[in-house]
Participant: 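First, the structure itself, so that you have it in front of you.
Keep in mind it's a predicted model, so treat the numbers as computed, not measured.
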Amino acid sequence: MARTIAIGRQDFEKIRVNHNFYIDKTDFIRQWWESEAFRKNASANTVLLSVGKKY
């Protein structure tokens, strides 16, 4: 049975129930956040920080 990638889905329970393919990017985001490239891009920082405040 082929599984669908759950792009844009926010409900982890539905991803599991529907047997969607899920890629955990937690470590990738942490590495990016701590990288020098992230610190150089002020506009991206502003957007990401506003997302962080929302959640």
Participant: Using side chain to side chain donor-acceptor pair (under 3.5 Å) as the criterion, list what pairs up with Asp11, not counting sequence neighbours.
Facilitator: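 Not a single residue meets the side chain to side chain donor-acceptor pair (under 3.5 Å) criterion with Asp11.
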
Participant: Could I get the full list of side chain to side chain donor-acceptor pair (under 3.5 Å) partners for Arg9, not counting sequence neighbours?
Facilitator: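 Arg9: side chain to side chain donor-acceptor pair (under 3.5 Å) contacts with Asn20.
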
Participant: Which residues end up grouped with Ile15 if you chain together Ile, Leu, Val, Met, Phe, Trp and Tyr wherever their side-chain heavy atoms are less than 4.5 Å apart?
Facilitator: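 Grouped by the 4.5 Å side-chain rule, Phe12, Tyr22 form the rest of the cluster around Ile15.
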
Participant: Taking only residues at least two apart or on different chains, which pairs with a member in residues 17-33 satisfy salt bridge (charged side-chain N to carboxylate O under 4.0 Å, His left out)?
Facilitator: Asp27-Arg30, Arg30-Glu34

